[in-house]
2 protein chains.
Amino acid sequence: MMLDSETKAVELPDDHADELRLWLRLLTCTNLIEGEVRGRLRERFDVTLPRFDLMAQLDKAPDGMTLSDVSKRMMVSNGNVTGLVERLVESGHLDRRTSETDRRVQVIRLTKSGRAEFRKMAAEHQTWISDMFGDLSPKDVRELMRLLAKTKGSVQKSARRRAGEAR
Amino acid sequence: MMLDSETKAVELPDDHADELRLWLRLLTCTNLIEGEVRGRLRERFDVTLPRFDLMAQLDKAPDGMTLSDVSKRMMVSNGNVTGLVERLVESGHLDRRTSETDRRVQVIRLTKSGRAEFRKMAAEHQTWISDMFGDLSPKDVRELMRLLAKTKGSVQKSARRRAGEAR
DNA sequence: CCGAATTTCTTTAGGCTTCAAGTAATTGGC
DNA sequence: GCCAATTACTTGAAGCCTAAAGAAATTCGG
């Protein structure tokens, strides 16, 4: 049983409604943006969001990444990455080779043309995002960054608590 | 952003990097929470998140909803709802009938047992969310709500601009 | 009334995603 | 060296999801 050492003096009688509303609003915002990005990527470049995300990871790693690295970074399952990579190699965006030192490991990189194509997409993508956040002042942006960082930490702590319980 | 290795890396004057970082952080937070909720729903109730979300919509509508209503509320495609509803009717959680006044329309409701099961899940779900946001003060929560509302408005405005352009 | 346009839902094809089980390669204790 | 455990990835089954095309019912202008 988990006990919080920092006990709040008075907790309102189990009112968790605010947090729930916050979560729903967070989800709505993300879905709105994600849907918009998805649609624009398809419309402008005929590419899916997962493909774009994978290429974005690889663009930051000139020496390539293993499938496990990608899986962790993208927070998706291993099997998922296998399929995604398969299709991107097929279409010539990715290059894949078995590691010299560990034959279990597959190292993937962007091909030259894959990288060029990604850079074009990324530049436009960034302007879309900037446009979508257009109404927020620089101060709003900073404040949101701060609060989301705090949120992330809080969620991770909670997730660790749960993972710990499962022992 | 880095340019081609042959070219010199240049920071463009109109820098949108902050907004991009904000978007990535927002996405990370949402994914973390969503993944956690997904895992707990599966573990505790052997139910998927989309099923839970659909039941949540119906719980708020005692008189039922049409598939189109659900589709709009959940921000997913029509065809998606068709399949989701099919499986939930199959499992006895939902009741589905054709509207008396318009035979194109399907009205779906929670069954008695479906509602009971949902209420149990929802109660626990709310405590998970509350726990995950546990490190945020009431003031943080309010501030996040405010900023996300502003963000939502900004994104919708941008989306309308795009939709308008497509004429 | 008639037919064109619209609305509601379903179907289809393809892709994404997870979990769980399986295979292959490596590591580490003995 | 040997073999059990671990790690990296793949496969398979099921479900989720979208866009696009299609079917059925309704609405509305003329």
Side-chain angles (χ1 to χ4, degrees), chain A residues 27 30-32 34-55 64-91 93-94 96-108 166, chain B residues 27 30-31 34-55 64-91 93-94 96-108 163 166:
Chain A
L27 188 56
T30 301
N31 284 344
L32 267 177
E34 199 171 306
E36 196 62 20
V37 170
R38 197 184 294 279
R40 296 195 199 199
L41 280 176
R42 155 177 286 271
E43 188 179 286
R44 285 279 297 136
F45 303 108
D46 193 32
V47 74
T48 66
L49 185 52
R51 277 163 151 93
F52 178 81
D53 286 343
L54 176 38
M55 292 173 83
M65 297 174 81
T66 70
L67 297 207
S68 293
D69 288 343
V70 172
S71 168
K72 274 169 207 139
R73 287 294 191 90
M74 292 181 70
M75 302 197 283
V76 300
S77 67
N78 267 346
N80 190 356
V81 174
T82 294
L84 258 180
V85 167
E86 205 168 74
R87 287 181 288 268
L88 278 166
V89 168
E90 172 68 26
S91 64
H93 294 87
L94 261 53
R96 158 198 220 138
R97 66 184 60 169
T98 301
S99 161
E100 308 261 322
T101 60
D102 185 339
R103 275 178 301 176
R104 288 169 306 179
V105 175
Q106 302 286 318
V107 178
I108 54 174
Chain B
L27 187 56
T30 301
N31 284 344
E34 197 171 307
E36 197 61 20
V37 169
R38 198 184 292 278
R40 296 196 198 199
L41 280 175
R42 156 175 286 270
E43 189 179 284
R44 285 279 298 135
F45 302 109
D46 193 32
V47 75
T48 65
L49 184 52
R51 276 162 153 95
F52 178 82
D53 286 343
L54 176 39
M55 293 173 81
M65 297 174 79
T66 69
L67 297 207
S68 292
D69 289 343
V70 172
S71 168
K72 274 169 207 142
R73 287 295 191 91
M74 292 181 69
M75 302 198 283
V76 299
S77 67
N78 267 345
N80 190 358
V81 173
T82 295
L84 211 41
V85 166
E86 204 168 75
R87 288 182 288 269
L88 279 165
V89 168
E90 172 67 26
S91 65
H93 294 88
L94 260 54
R96 159 196 220 139
R97 66 184 59 169
T98 301
S99 161
E100 308 261 323
T101 59
D102 185 337
R103 275 178 300 176
R104 289 169 305 180
V105 174
Q106 303 285 318
V107 178
I108 55 175

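Numbers restart at 1 for each chain; the letters A, B, ... are given by sequence-line order, proteins then strands. All values below were derived from every heavy atom in this structure, side-chain atoms included, with hydrogens, water molecules and symmetry-related copies excluded.
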Shortest non-hydrogen contact from A/Thr48 toward A/Leu41:
O-CD1, 4.3 Å

Give the first and the last nucleotide of DNA chain C, reading 5' to 3', that has any atom under 4.0 Å from a heavy atom of chain B.
C/dT7 to C/dC19

Rounded to the nearest Å, what distance is computed from the CG atom of residue B/Asn78 to the P atom of nucleotide D/dA19?
11 Å

Exercise: identify the closest heavy-atom pair between B/Asn80 and B/Val76
ND2-CB, 3.7 Å

Most 5' of A/Glu100 and A/Asn80 on DNA chain C, judged by nearest nucleotide
A/Asn80

By nearest nucleotide on DNA chain C, pick out whichever of A/Leu84 and A/Thr101 is the more 5' one.
A/Leu84

A/Ser77 versus A/Ser71, closest heavy-atom pair with distance
C-OG, 3.8 Å

Going by atom types only, do B/Thr66 and B/Asp69 share a side-chain donor-acceptor pair under 3.5 Å?
yes

Looking at every non-hydrogen atom in both residues, tell me the closest pair between A/Asn78 and A/Ser68 and how far apart they are.
OD1-CA, 4.3 Å

Rounded to the nearest Å, what distance is computed from the CG atom of residue B/Leu88 to the P atom of nucleotide D/dG15?
11 Å

Between B/Glu90 (CD) and D/dA14 (P), how many Å, whole number?
14 Å

Please tell me which of B/Gly83 and A/Thr66 maps to the more 5' nucleotide of DNA chain D, matching each residue to the nucleotide holding its nearest heavy atom.
A/Thr66

Options D/dA24, D/dC16, D/dC9, nucleotide nearest the side-chain atoms of B/Arg104
D/dA24

Need one value for B/Ser71: base, sugar-phosphate or nothing, where a base atom within 4.0 Å counts as base even if backbone is also close, heavy atoms only.
nothing

Would you say a side-chain N or O of B/Arg103 is under 4.0 Å from OP1 or OP2 of D/dT26?
yes

Please name all residues satisfying side chain to side chain contact (heavy atoms under 4.5 Å, CB included) with A/Gln106, sequence neighbours left out, ordered by chain then number.
A/Leu67, A/Arg96, A/Thr98

Indicate, with a heavy-atom threshold strictly under 4.0 Å, whether B/Leu49 touches base, sugar-phosphate, or nothing.
nothing

Separation of atom CG in A/Asp69 from atom C1' in D/dA8, rounded to whole Å:
11 Å

Tell me the closest heavy-atom pair linking B/Pro50 and B/Met74, and the distance in Å.
O-CE, 3.8 Å

What is the distance from CG of B/Leu54 to C1' of D/dC17, rounded to the nearest Å?
14 Å

Separation of D/dC16 C1' from B/Leu41 CG (nearest whole Å):
15 Å

Report the distance from atom CE of B/Met75 to atom P of D/dC16, rounded to the nearest whole Å.
18 Å

Does OP1 or OP2 of D/dC16 have a side-chain N or O of B/Thr48 closer than 4.0 Å?
yes

For A/Asp102, which contact category applies under a 4.0 Å heavy-atom criterion: base, sugar-phosphate, or nothing?
sugar-phosphate

For A/Gly39 and for A/Arg96, find the nucleotide of DNA chain D with the closest heavy atom, then tell me which residue's nucleotide is more 5'.
A/Arg96

Quick one: does B/Leu84's side chain get under 4.5 Å of B/Arg87's, heavy atoms only?
yes

Reckon A/Arg38 touches a base, only the sugar-phosphate, or nothing at all at heavy-atom distances under 4.0 Å?
nothing

Reckon A/Ser68 touches a base, only the sugar-phosphate, or nothing at all at heavy-atom distances under 4.0 Å?
sugar-phosphate

